[in-house]
Number of protein chains: 2
Amino acid sequence: MGAPPVDEEATGFEVGIVLPKLPRAAAAEDGEHCLALLVRELEDVGLLVDRVRGVPAEFIKLSAPMGTLGRAAAEMQMKKLTYIGMELQFEWDQVAAFVTQPDGSLFSWRERFTCFRYLIYGIVNKMDSDISLKFDDKEFHWKQNESLLRRLEDEGVVKLVFPLHDEVKRKQLLRNWALNWHDFTWQPIDEVYSYFGTKIATYFAFLGMYTRWLFFPAVSGLATQLIDFGSLQWLVLPAFFIFVISWAVFFLQFWKRKNSALLARWGINYSIAEYKASANELDPLRHPQFVECVEEKKFDDAPAEKRRLQRNEWSGVLLRIRNNAIIVLGIICLQLPFELAYAHLYEKTETEAVRYVLTAAYLVAIQYYTRIGGKVSVILIKYENNQGEQSSADSLIYKVFGLYFMQSYIGLFYHASLYRDILRLRKVLIQRLVVSQVLENLIENSFPYLKYSYKKYKAVHKKRQEKESPSGKSVRLTTRVEKEYLKPSYTASIGEELEDGLFDDFLELALQFGMIMMFACAFPLIFCFAALNNVTEIRADALKLLVMLKRPVPRAAATIGAWLNIFQFLIVMAICTNCLLLVCLYDEEGKWRIEPGLAAILIMEHALLLIKFGFSHFVPEEPAWVRANRVRYVAQAQTVCSKQLLRSISKLDTKWE
Amino acid sequence: MGAPPVDEEATGFEVGIVLPKLPRAAAAEDGEHCLALLVRELEDVGLLVDRVRGVPAEFIKLSAPMGTLGRAAAEMQMKKLTYIGMELQFEWDQVAAFVTQPDGSLFSWRERFTCFRYLIYGIVNKMDSDISLKFDDKEFHWKQNESLLRRLEDEGVVKLVFPLHDEVKRKQLLRNWALNWHDFTWQPIDEVYSYFGTKIATYFAFLGMYTRWLFFPAVSGLATQLIDFGSLQWLVLPAFFIFVISWAVFFLQFWKRKNSALLARWGINYSIAEYKASANELDPLRHPQFVECVEEKKFDDAPAEKRRLQRNEWSGVLLRIRNNAIIVLGIICLQLPFELAYAHLYEKTETEAVRYVLTAAYLVAIQYYTRIGGKVSVILIKYENNQGEQSSADSLIYKVFGLYFMQSYIGLFYHASLYRDILRLRKVLIQRLVVSQVLENLIENSFPYLKYSYKKYKAVHKKRQEKESPSGKSVRLTTRVEKEYLKPSYTASIGEELEDGLFDDFLELALQFGMIMMFACAFPLIFCFAALNNVTEIRADALKLLVMLKRPVPRAAATIGAWLNIFQFLIVMAICTNCLLLVCLYDEEGKWRIEPGLAAILIMEHALLLIKFGFSHFVPEEPAWVRANRVRYVAQAQTVCSKQLLRSISKLDTKWE
């Protein structure tokens with residue numbers, strides 16, 4: 001029972017609660033004033049509370065000593081990785097058994113935030129009767145066993161609970177990371193991890209590695225343009241093509257290795273994480289009938305139960321197939337004609353002015369189109385019985401990426417295949433890559449700032465009006481917490497429920513990867529543009545997260561998930577499209593004819609290969625009842641054995657030390 | 001601490017030891033006679049011993065009461081699956097915590113056999129001095145702490161230790177399984193499992209499912225031949241092609257599900273099995289430096305260690321690539337020209353007689369060729385630092401299958417592509433499939449019988465000569481154990497070290513699958529032949545195992561391993577070859593021309609797709625040092641916690657009951 005290796009010192013303020021501002025005069029009369037009660041209750045659970053009166057609202061800043069967090073973690077039976085590589089329920093007195101973070105602290109930022117939420121929302125009315133609360137002019141009842149925060153949120157008293165930036169660490173990251181231009185791709189990933197959590201750190205690790213690896217094809221792309229290979233010139237493009245594909249395959253394989261290494265360093269047990277995912281999938285099994293089954297140890301002998309699980313599984317598969325069919329049909333029947341019409345009209349019109357009008361109309365239209373598509377996808381996913389949030393998020397990513405894929409590349413395909421107009425394709429590629437990415441970066445960074453400025457102006461203006469001081473004494477935002485409150489949060493452009501802002505960042509990356517890979521042979525220089533773009537992208541994204549936005553809510557994710565599959569898919573697409581491009585490039589006189597029969601057979605071959613490699617996504621290798629069988633006792637048994645195990649691990653641990 | 005649920009009754013005799021036969025007159029003089037000592041020692045460890053004097057040799061039959069087996073399992077610290085889904089060291093007094101077999105017994109056949117080996121080979125000289133033993137005229141010393149069995153084996157006293165058939169169960173299986181023709185594909189898989197172990201049961205489960213699924217393409221293949229589709233006739237073959245490919249993809253995916261289900265039923269924890277495989281891979285890490293590292297808990301801070309592991313890993317990858325390159329070059333440069341020469345000569349010769357001579361010469365030549373190839377593969381694999389026996393066996397399977405693949409199909413490709421001679425191809429296909437498989441089945445079953453008869457004849461003949469009874473009183477083999485001893489064992493045609501007879505059975509199956517899939521469009525009826533063939537194959541293989549051979553040594557294997565990957569690969573090949581066949585079939589007038597440039601690009605595309613999907617086999621997703629990191633404490637911690645955990649599980653278990 002060694003002493004906890006963590007220092008007991010209080011951490012900085014990490015969570016803020018936003019409340020409406022009351023005139024100073026307002027005071028509690030008969031019913032108790034709810035803010036005073038809230039503060040008292042928060043202090044009672046062991047949190048350090050700081051009240052700040054800001055210009056737009058009033059704030060409560062919270063911080064927790066390690067003891068409070070540990071108690072919360074133990075109470076909520078948080079599973080935590082131990083030194084034997086098994087996740088066990090946290091116990092405060094067996095703290096030596098648990099793996100610490102790379103920076104030496106016991107809890108990761110995500111775990112700390114989970115504890116905060118548990119503590120804040122866990123404040124319930126333990127009295128025998130309802131308590132009447134008063135706020136401003138309203139009066140309401142805090143019922144027995146009801147969460148105080150939920151009540152206050154429902155009544156509109158608590159506007160928001162959000163994570164606060166840690167000014168010291170933020171400034172340090174700003175200096176070491178966002179504004180550190182010494183090395184183009186180096187990033188302090190471990191610090192990013194301990195400040196933002198796994199998911200964002202994984203994104204930046206991926207972005208950094210991708211950018212670093214991009215230098216190879218960028219250099220060889222440049223070489224194909226600058227060096228004259230003489231009589232071997234005709235070999236250059238196929239060689240470059242093979243190089244680029246091999247590069248991409250290697251890159252993704254090595255990324256997986258790097259991802260494993262990162263997770264090992266951060267003390268996240270990957271295989272256990274997988275197991276946990278499968279345990280989550282058991283949620284539909286939390287059915288009285290099932291539990292009974294487990295308790296009676298008759299699972300094997302319950303063919304009815306097995307049949308029910310199988311029925312569930314298959315109905316889920318069918319639903320998923322149907323939804324995907326809807327999305328694919330929607331894309332092919334609605335989006336494809338529209339995109340082709342635009343590309344065709346753009347090609348036909350002669351005047352520049354008409355082209356601009358056309359492009360503007362097109363841009364507005366696709367804005368609406370993708371928004372509708374995203375909404376439809378979110379609705380469809382709600383009807384899927386996806387197992388766990390991660391699975392839903394992945395499903396959404398695939399569907400929305402399908403939309404964007406069509407939208408981004410179909411025009412390019414049109415130029416490449418129908419007109420065989422390589423020069424025009426190059427022009428469009430540069431335009432898309434350079435202009436759109438530069439624009440996107442600008443919007444990405446300036447839009448939040450404008451939003452923030454507007455909110456700030458509004459708040460200050462309102463304040464001024466209230467004070468009715470037409471001139472003189474200026475009103476300023478003085479505290480950090482109110483500034484942070486006014487900053488926009490890190491949200492995805494499609495629905496907030498399943499994804500945060502990383503969705504847009506990854507989408508941008510995937511679309512870029514697709515563009516440079518699929519049209520590599522048409523324009524080898526494109527890799528240089530992409531490399532340059534990504535070097536700035538790293539710093540711009542870092543700056544956005546550190547300066548422009550609220551600190552994002554930390555989320556659990558071990559890998560880049562669905563995006564990796566999308567990158568893999570893009571490589572396969574790139575193999576096919578580059579072959580087409582090579583045919584166009586080498587068949588300058590249009591003499592290579594292909595019989596319709598042969599073409600049909602080739603298309604059939606490619607479709608079958610796609611089926612072969614895509615099918616396994618739909619039917620899981622392990623039937624649901626086997627999985628249920630496999631994990632049936634684990635949860636309950638671990639609960640029972642947990643304490644004993646922990647004690648032995650702690651002993652083991654001190655022995656080894 | 002509930003009473004063990006297994007009955008304490010002694011099991012039948014399960015292991016036999018073969019000793020040379022001594023004249024009855026021979027007796028021990030001054031040095032102790034070693035056979036008497038052996039029997040006494042075997043009885044001392046708790047085994048039931050039965051001595052049998054047979055015609056060819058003398059036998060010791062062994063059986064073990066449950067208590068003896070349990071003690072052995074506990075002593076050898078056997079890992080066994082518990083009800084919480086975790087493998088823990090076996091403890092006799094916590095027996096309720098461990099999962100029992102489907103037939104209610106505590107140990108599986110493989111576990112029992114492992115215990116037997118442990119008990120038999122664990123007899124050591126515990127005296128302070130060497131013991132002098134005598135056998136026939138020889139005298140030798142049993143050194144201190146030396147295994148008695150090893151000594152006797154070295155001196156040639158113990159000829160063989162082999163598992164015995166269980167006559168009751170064998171007859172039951174013979175009746176229910178090998179001679180049960182009621183349902184064509186039904187098999188009592190659970191009984192097969194408890195008699196032969198996982199690996200053989202998995203083979204028969206696969207064979208049964210494959211045969212059952214074969215009826216679909218067999219029926220539709222028949223339909224394509226019998227039904228006239230009128231004006232849609234040209235669509236029939238492509239439709240059949242698409243159906244067959246989808247069928248194969250579905251079949252393999254559903255096989256994986258079935259495999260999971262089987263493992264769940266047999267109480268084999270698949271994911272744990274995977275984990276165990278990775279623990280096995282750590283064997284090279286049992287390096288003093290590594291252990292030290294673990295003990296000092298400084299793994300992360302030891303970049304030297306990490307670098308060493310990475311160096312090991314990469315040298316292994318390079319070695320594997322080199323060996324595969326050698327095999328591939330050997331196949332392409334040596335076998336391909338040879339096969340093509342044979343196919344060409346066969347096509348050119350006119351006289352039937354010359355053809356027969358040619359075929360005979362060819363058959364003899366390939367016998368040698370594959371034998372040499374197999375030996376080279378085994379040698380190459382020894383130099384690879386493959387991790388664990390399973391990995392070596394897989395590596396061997398891939399290499400040898402490469403040889404057979406070339407040998408079996410290149411002649412067919414030759415007919416299909418160069419001569420575009422579909423009729424001839426069909427003839428060769430029928431010939432290969434029917435003749436070769438029938439022949440193989442005959443050889444497979446008659447060869448062991450002939451071998452057995454010859455051995456029996458020799459033994460009896462020798463006996464007769466010894467007795468010098470030229471006529472009259474016939475000598476007969478009377479006991480089961482001596483008959484079994486004379487039966488051949490279940491060995492692979494290539495090397496005995498890594499694989500047993502299942503290698504040949506799976507090879508046959510894979511070659512058949514390749515043949516029917518890759519040439520599906522040329523001859524849809526082929527599926528009928530395959531289905532018929534497999535229905536007999538099931539019973540023939542069962543008969544072979546039950547009647548013709550010694551009981552095989554049980555081996556651990558959770559899946560069909562490398563063969564599944566080979567089946568997957570054959571599907572991809574089938575997509576490509578059937579497209580080629582369709583081109584040949586529809587392009588009857590030879591008008592479809594393909595430009596060399598276009599052909600080159602298509603070939604490049606297919607090569608790149610192959611690289612894309614094949615590459616990940618070479619570079620593991622998880623670096624060796626991460627894996628080492630992940631499992632570093634598990635083994636030691638499990639040893640420490642094992643007892644405590646077991647007690648809690650037993651308690652849990654009785655509570656649930």
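Numbered from 1 within each chain, the chains take letters A, B, ... in sequence-line order. Values below: all heavy atoms of this structure, side chains included; hydrogens, waters and symmetry mates excluded.
- With a 4.5 Å cut-off on side-chain heavy atoms, A:Leu608 and B:Asn578 do not count as touching.
- Contacts with chain B were tallied for A:Ser246, A:Cys579, A:Ala607; A:Cys579 has the most, counting heavy-atom pairs under 4.5 Å.
- Per-residue heavy-atom pair counts under 4.5 Å with chain B were compared for A:Trp255, A:Phe241, A:Phe250, and the maximum is reached by A:Phe250.
- The CD atom of B:Gln310 sits 7.0 Å away from atom CZ of A:Arg257, with the distance rounded to the nearest 0.5 Å.
- Between A:His606 and B:His606, the two ring planes are tilted [angle within 30° to 60°].
- Proximity to chain B is limited to the side chain of A:Ile571, based on heavy atoms less than 4.5 angstrom apart.
- From B:Leu582, atom CG reaches atom CG of A:Leu602 across 11.0 Å, with rounding to the nearest 0.5 Å.
- At a 4.5 Å heavy-atom cutoff, A:Leu252 makes no contact with chain B through either its backbone or its side chain.
- Interface residue A:Ile245: only side-chain heavy atoms are found under 4.5 Å from chain B.
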